[in-house]
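These numbers were taken from a predicted model, which means no experiment stands behind them.
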Amino acid sequence: MSSAWINRRTVGPSRRTPKARTSFQVLYRRRGRDSSIRSAGSFKTEREAKIRLALVAGWLAGGQDPQTELARLAAPQAHTRLGPALDAWLEEHERSVKPNSNRGSAIKWAKQLLGKRDPLTLMPADFNALVKSNAALSPRTVHTYHGVICQFLDDLGVEPNPGRHRSVKLPRIVQAEKHPPAHDHVLAIANALSRKALLPFVVLELTGMRVGELAKLQWGDVDVPGCRFRLRRETVKTRRPRWVELPMWVMIYIGCLLAPEDRDPLGRVFPAVSERLMRTWIAAACSTAEIPHFTPKDLRDRRASLWHHHGDDPVGDPLEHRPGWEWRAVADRLGQSKPSITMDVYSWILEDPREVQADEWAGVLA
């Protein structure tokens, strides 16, 4: 039966070592007592010896020869350059994962300075040098590119990942001051929109949904009696499913889009809606109304700020009247993963914090 153990030895004083010292030798037998004892190394500390002992015990349990495995560990590793490894990783991801232009740009960014380096020898200082060498890039772009390279090192199995070390200093992203549309702006845009864009616009304004979430909404996710939408995990940005509540009068308009017997559970509720088209429709309406230009994201910002400042939700139940109302509630309704982001981004005061009332919407939708 194979076995392995640590032999503690005390080496006496000598000319080279005036003081006595202790060494820890790892010994093992491959079979039984009749087999010869072999050494798997000698170490200055017991901790190192225990690590080697665990390796040897594992090899013996698997029927492997520790001498062969130790020789393999001692063999010099092939030198790998970061540049070719990044190119291979990009090719694999572009083929198996959704194409992303940020990957290619990030790889070009990293290859400029680190292309000839071995990924296993990278240090946090290399990432700081990389950031400083590309000062012309915007802070948000640097954060995006840095995340791509860190993901590459994670996939490569580099542990610890030097790009994620706390000493790596990325440029600070300064959030631009937001100016969401006021009450009169919302009505002006609504009056200038076409009929096909009007109801999606109303839903976005009242719910704070992302345009992508609205575009992917299917009839199978519409709860007409409950006056709510179900946003499934695969359709939301944060992969956190949630319910979105609507006023009853809005759900009546949505129910009139298609007869119940004609609704395909997999069919889209708003087939004409997309991020590009919604942005174009709102921009054209702003030009027609001669008001500042707004985007679908500005509607989401407006709704988040309204919920924060006076808590009126679409179904008329003030958030502050609900048990446990806090930033977590606003973040959950917006579909954001961190309440801290909601607090930092949306805690400003609107110049005109008035809601568009149901009778005003009815006048527009009539």
Side-chain angles (χ1 to χ4, degrees), residues 93-94 97-106 137-138 140-141 143-145 147-148 173 175-182 185-222 229-242 244 246 250 253-254 257-258 264 266-305 334-336 341 345-346 356 361 364-365:
H93 274 63
E94 292 296 303
V97 188
K98 183 179 179 181
N100 188 336
S101 60
N102 286 330
R103 290 196 195 101
S105 301
L137 296 176
S138 69
R140 191 174 297 277
T141 300
H143 278 256
T144 301
Y145 289 179
V148 172
I173 298 178
Q175 294 286 351
E177 185 179 357
K178 296 181 178 294
H179 298 281
H185 291 150
V186 172
L187 286 178
I189 295 172
N191 282 303
L193 284 172
S194 63
R195 298 302 301 179
K196 66 179 178 181
L198 183 54
L199 188 55
F201 175 82
V202 173
V203 174
L204 290 176
E205 201 281 331
L206 289 174
T207 63
M209 292 173 63
R210 300 178 178 91
V211 178
E213 296 170 346
L214 188 68
K216 295 175 183 177
L217 184 67
Q218 300 175 349
W219 281 110
D221 296 322
V222 178
F229 297 149
R230 177 182 62 187
L231 300 186
R232 290 171 284 109
R233 187 183 306 275
E234 59 270 22
T235 63
V236 296
K237 181 179 179 181
T238 58
R239 296 295 182 263
R240 298 181 62 173
R242 71 183 192 276
V244 176
L246 292 128
V250 178
Y253 278 101
I254 293 174
L257 293 175
L258 199 63
D264 178 5
L266 300 180
R268 292 169 56 189
V269 179
F270 301 103
V273 172
S274 69
E275 178 76 40
R276 182 181 61 83
L277 283 177
M278 202 70 212
R279 182 181 291 270
T280 302
W281 291 336
I282 293 177
C286 291
S287 297
T288 301
E290 298 182 338
I291 61 174
H293 278 219
F294 298 102
T295 67
K297 180 64 169 60
D298 293 326
L299 295 177
R300 182 173 165 85
D301 295 340
R302 167 182 165 80
R303 177 52 47 193
S305 185
L334 289 171
Q336 293 182 324
I341 296 177
V345 176
Y346 298 118
V356 179
W361 282 125
V364 175
L365 290 166

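Looking at Phe229 and Val269, their side chains never come closer than 4.5 Å, going by heavy atoms from C-beta outward. Side-chain contact between Cys286 and Ile189: present, with at least one pair of heavy atoms (C-beta onward) separated by less than 4.5 Å. Looking only at side-chain heavy atoms (C-beta outward), Leu206 and Phe201 stay at 4.5 Å or farther from each other. With a 4.5 Å cut-off on side-chain heavy atoms, Lys196 and Trp281 count as touching. Taking 4.5 Å as the limit, some side-chain heavy atom of Trp219 sits within range of a side-chain heavy atom of Val222. The shortest distance between side-chain heavy atoms of His185 and Pro292 falls below 4.5 Å.
Here CZ of Arg140 is found 4.5 Å from CD1 of Ile173. Values are rounded to the nearest 0.5 Å. Taken from CD1 in Ile254 to CG in Leu199, the straight-line distance is 5.5 Å, to the nearest 0.5 Å. To the nearest 0.5 angstrom, Thr288 atom OG1 is 9.0 Å from Leu193 atom CG. Atom NE2 of residue His293 and atom CD1 of residue Ile282 lie 11.5 Å apart, to the nearest 0.5 angstrom. Rounded to the nearest 0.5 angstrom, Glu275 CD and Thr295 OG1 are separated by 8.0 Å. Rounding to the nearest 0.5 Å places CG of Leu204 at 5.0 Å from CG of Leu214.
In this structure, Arg195 contributes its side chain and Leu365 its backbone to a donor-acceptor pair below 3.5 Å. For Arg268 (side chain) and Ala215 (main-chain N/O), a donor-acceptor pair under 3.5 Å exists by modelled atom type. No donor-acceptor pair closer than 3.5 Å links the side chain of Thr235 to the backbone N or O of Leu231. For the pair Glu213 (side chain) and Arg210 (backbone), a donor-acceptor distance under 3.5 Å is present. At least one donor-acceptor pair closer than 3.5 Å links the side chain of Arg300 to the backbone N or O of Gly208. A donor-acceptor contact shorter than 3.5 Å is absent between the side chain of Thr141 and the backbone of Leu137.
The salt bridge (charged side-chain N to carboxylate O under 4.0 Å, His left out) test with Asp221 singles out one residue from Arg242, Arg232, Arg233, and that residue is Arg232.
Heavy-atom minimum distance, Phe294 versus Pro180: CE2-C, 3.9 Å.
Look at Arg302 and Asp298 and you find no salt bridge, because none of the NZ, NE, NH1 or NH2 atoms lies under 4.0 Å from a carboxylate O.
By the neighbour-count criterion of 12 heavy atoms within 6.0 Å, atom CD of Glu234 is densely surrounded, having more than that number from other residues, nucleotides or ligands.
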Would you please test Val250 and Trp361 for side-chain contact (heavy atoms from CB on, under 4.5 Å) and show each step?
CA-CA 9 Å; Val250 178; Trp361 282 125; over 6 Å; no
